[in-house]
Engineer: 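Handing you a structure now.
Positions are given from 1 along the sequence.
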Amino acid sequence: MLAPRRVLLRANSKLEQTMSSLDQWKPWVWAVFAFNCLFATVFALLCWETYRQFRNVTKSAAFAPALVDVKEWTALFDGAAVSAFFAVILVIIFTVCAIYYMIFTRKGLSHPGSRYGKGFMVALSFMTALHICNIATHFLSFSPAIKYWVTTFNVDFSRLLLTATYSFGYISTVFFLVFAFMLVIWKRTDIEILYAESPSTMSPQGTHTPHDGHDP
């Protein structure tokens, strides 16, 4: 019975030494998460402003000769707007789940035993990144047509706004992928030591250590 007690004391000693140093990945994970929220919010606002400006342009007289059928282009922009709306829903779900797992759960995402939470957040990050990338590419596909409208028919549409929209979409995609990667490599070394040297995780042959004549 003395051997398991020695193992626990040795594990606790190593745990205290490791706990003295800060988790070096934690500030970086939170920083990337903050940038995720920032760029995703800016991207959503730019999507809305681009869509609003397009709807205003379709009502102007200068836009009439630029298109054969305004309804067709309106349907395309409506599709982009609906996709952007679903992206906002995904970002809200991602933010709520990330805060829940990183703050309000007992283990947290850096805990070796938090496989379900970490796997769920990595999958959600990838799904959100791919959806935002799809929306950014959708808006990018409008660029040649808008350039033609502006240069040929002098339509009052900001090409800079459109460029900023899909640019922030791609930047947001990158940050979501970086966040997923950091979750994969983010581990608590102190907890791993406790797990590795806990008597409950050792084999029956490994729980016995020679008695040196001194009580722990």
Engineer: Using the rule that two of Ile, Leu, Val, Met, Phe, Trp, Tyr join whenever any of their side-chain heavy atoms come within less than 4.5 Å, decide whether F120 and V178 are in one cluster.
Structural biologist: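 Yes, one cluster joins them.
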Engineer: Check for a donor-acceptor pair, side chain of Q53 on one end and backbone N or O of S158 on the other, with a separation under 3.5 Å.
Structural biologist: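 Yes.
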Engineer: Decide if atom CZ of F77 counts as having more than 12 heavy atoms of other residues, nucleotides or ligands within a radius under 6.0 Å.
Structural biologist: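 More than 12 within 6.0 Å, yes.
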Engineer: Could you check whether any side-chain N or O of T137 sits under 3.5 Å from a backbone N or O of C133, counting only pairs where one atom can act as donor and the other as acceptor?
Structural biologist: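 Yes: the side chain of T137 pairs with the backbone of C133.
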Engineer: For this output row, return yes or no: ring centroids of F126 and F176 closer than 6.0 angstrom.
Structural biologist: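 No, the ring centres sit 6.0 Å or more apart.
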Engineer: Give a yes or no on whether M121 and W28 share a hydrophobic cluster (residues Ile, Leu, Val, Met, Phe, Trp, Tyr; joining criterion: side-chain heavy atoms under 4.5 Å apart).
Structural biologist: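 Per the 4.5 Å side-chain linkage, M121 and W28 are co-clustered.
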Engineer: Hey, quick one: are L130 and F181 part of the same hydrophobic cluster, counting side-chain heavy atoms closer than 4.5 Å, chains of contacts allowed?
Structural biologist: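 They do not share one cluster, since no chain of ILVMFWY contacts under 4.5 Å joins L130 to F181.
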Engineer: Looking only at the aromatic ring of each residue, does the gap between the centers of F142 and Y166 stay below 6.0 angstrom?
Structural biologist: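 Not close enough - the centres of the two rings lie 6.0 Å or further apart.
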Engineer: Looking at Y170, I want to see if its OH is surrounded by more than 12 non-hydrogen atoms of other residues, nucleotides or ligands under 6.0 Å.
Structural biologist: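 More than 12 within 6.0 Å, yes.
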Engineer: Given 3.5 Å as the limit, does a donor-acceptor pair link the side chain of T152 with the main chain of W149, or not?
Structural biologist: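 Such a contact is absent between T152 side chain and W149 backbone.
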Engineer: Flag yes if I99 and I93 sit in one hydrophobic cluster, no otherwise; membership is Ile, Leu, Val, Met, Phe, Trp, Tyr, and two members link when side-chain heavy atoms are under 4.5 Å apart.
Structural biologist: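 Looking at the clustering, I93 is in the same group as I99.
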Engineer: Can you check whether I135's main-chain N or O pairs, donor with acceptor, with S83's side chain at less than 3.5 Å?
Structural biologist: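 The answer is no, because no donor-acceptor pair under 3.5 Å joins these two groups.
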Engineer: Please assess I171 against F175 for the test side-chain contact (heavy atoms from CB on, under 4.5 Å), listing each intermediate value before the final yes or no.
Structural biologist: CA-CA 6 Å; I171 294 173; F175 271 101; 3.8 Å; yes
Engineer: Please name the pair of heavy atoms, one in C47 and one in T165, separated by the smallest distance, quoted to 0.1 Å.
Structural biologist: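 For C47 versus T165, the nearest heavy atoms are SG-CG2, 3.9 Å.
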